[in-house]
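Reviewing the structure listed below.
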Number of protein chains: 2
Amino acid sequence: MDLNQFLPYQLSILSLKISNGIAEHYQDQFGINISEWRVLVILYKNPDITAKKIAQLSQMDKVRISRTVKSLVQKNYLTQSQHPLDARAKNYELNERGRYLMRAVIPDALRYEEELLSQLNQDERAQLHHLIGKFNRILG
Amino acid sequence: MDLNQFLPYQLSILSLKISNGIAEHYQDQFGINISEWRVLVILYKNPDITAKKIAQLSQMDKVRISRTVKSLVQKNYLTQSQHPLDARAKNYELNERGRYLMRAVIPDALRYEEELLSQLNQDERAQLHHLIGKFNRILG
DNA sequence: TAATATTTGTTTCATTTGTAACTATTTTTG
DNA sequence: CAAAAATAGTTACAAATGAAACAAATATTA
C-alpha cells in the first residue's frame, strides 16, 4: 500500500494545498480568513438573512457561523438587525464597507480560480466538473 | 459568484467529507487518528526510519510527527531505537502489535477506497487519476 | 580545532476547532 | 392554555494544530 497513491490521502493533500494558498492570500491581501470570506460571499448574494440560513448556504456549522459573524460585525463589514418575526434570530447584511470589500475580493477569487482552470483544457474542465458532482452525489 | 460552483470551495468540502468519514471510521474501528494512521502506513513499508524521513514521506510537519510517534510508542505499536550515526535522531519501526494492526487496517483502507472508486467507470477513474496528477504538478 | 551555522526533534504558547451544555424564544401537543 | 419539545444562537471546555523558541547534536568554515 502506497500512501501517495491512496485516493483519500491525495485528495486531502490537494485540497489542503489549494485552501492554504487561498487562506494565506486573503489574510495578506484583505485581512480575512476563509470562514469570513465564505460568509461574506454568501451575504453578498443573499442580503438580510439569519445565521441559520448562512449555515445552510455555506455548509458551515452554527458555532463557526456565530463566531464568524461576530468577528465580521466587529471588523465593521456587517450590520445586524433584529429578525422581525423571531426574537432569537438576527438578520445580517453587508454594510457599505462590506460591499466595497467584496467588490475587490470576488474578482480576485475568480481570477485565482481562472488561473487554476486555465491550466486545464476544455475536456479536463468538463471531467473535473463531472467528477466533483459525482463524488458529491456518492458521498451525500 | 456562487460559492457552490467555486472550485476551491468544492474541493475543500469534498475532501473534508472523505477525510472526516475515514477519521471517524478509524477511531471507531481501531482507535487511531489520521496522523497515526499515516505514520503507521509509512512505517509498514519503510521500517527503521527517523522522524525526519517520516515527515518527508508523509508530508506532515515535524511537530505533528513528533507527537504522533510519541503517541504510537505509548500505545505500543512502535519501537524506538537510537540512530547509529546521529545521536539526535531515533529510528522507528512497527513492533509485532503494530504489524498485526496494519494487517487489519490496510485491507480495510483499500476496501474503502475501492468502494469509492467502484462507483466510477474506467474512464472516470483514469480522468480522476490524471486530474490529481495535473493539479499536483500545477500546485508544486 | 574552535567558533559558527545548521539540523533534529521537543516543548511552549496562542489560535482554531468542534462537542456539549446552556439561555432564550418559539412551536407543538395534550 | 400550560407543559413539553424543538429551535436559534452563544458560551464553556477540551482537543488539535502550527509557529516560534528551545536544547542537543552534527556539520561547516575560517
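From a predicted model like this one, the values you see are computed outputs, not experimental measurements. Order of the sequence lines fixes the chain letters, A, B, ..., with proteins taken first and strands second; residue numbering starts at 1 for each chain.
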Item to check | Any donor-acceptor N/O pair, Arg38(A) side chain to Ser58(A) backbone, under 3.5 Å | outcome: no

Next on the checklist: Check whether Asn46(A) reaches the backbone of Ile42(A) with its side chain - one donor and one acceptor, N or O, closer than 3.5 Å.
Outcome noted: yes

Checklist entry - Has Glu115(A) got more than 12 heavy atoms of other residues, nucleotides or ligands less than 6.0 Å from its CD? => result no

Next on the checklist: So if I take every side-chain heavy atom of Tyr92(B) and compare against dT10(C), dG9(D), dT26(D), which nucleotide ends up nearest?
Outcome noted: dT10(C)

Checklist entry - Under 4.0 Å: is that the gap between some side-chain N or O of Ser66(B) and OP1 or OP2 of dG9(C)? => result no

Checklist entry - When the nearest nucleotide of DNA chain D is assigned to Ala87(B) and to Ile65(A) on a heavy-atom basis, which residue is associated with the more 5' position? => result Ile65(A)

Checklist entry - Does atom CD of Glu24(A) have more than 12 heavy-atom neighbours from other groups under 6.0 Å away? => result no

Item to check | Polar side-chain atom of Glu124(A) near backbone of Asn121(A) as donor-acceptor pair, under 3.5 Å | outcome: yes

Next on the checklist: Donor-acceptor pair, distance only, cut-off 3.5 Å: does the side chain of Lys52(A) make one with the backbone of Ala89(A)?
Outcome noted: no

Return the polar atom pairs (N/O with N/O) between nucleotides 5-7 of chain D and the protein under 3.5 Å, or none.
from	atom 1	to	atom 2	distance (Å)
dT7(D)	O2	Arg88(A)	NH1	2.1

Item to check | Shortest side-chain distance from Asp86(B), nucleotide among dG18(C), dA25(D), dT26(C) | outcome: dA25(D)

Checklist entry - Across the strands shown, which category fits Asn33(A) at heavy-atom distances under 4.0 angstrom: base, sugar-phosphate, nothing? => result nothing

Between protein and nucleic acid, restricted to nucleotides 12-14 of chain C and to nitrogen or oxygen atoms under 3.5 Å apart, what atom pairs and distances do you find?
from	atom 1	to	atom 2	distance (Å)
dT12(C)	O4	Arg67(B)	NH2	3.0

Checklist entry - Taking for each residue the nucleotide of DNA chain C with the nearest heavy atom, is it Ala51(B) or Arg64(A) whose nucleotide lies nearer the 5' end? => result Ala51(B)

Next on the checklist: Please check if the number of heavy atoms outside Lys53(B) that lie under 6.0 Å from its NZ is greater than 12.
Outcome noted: no

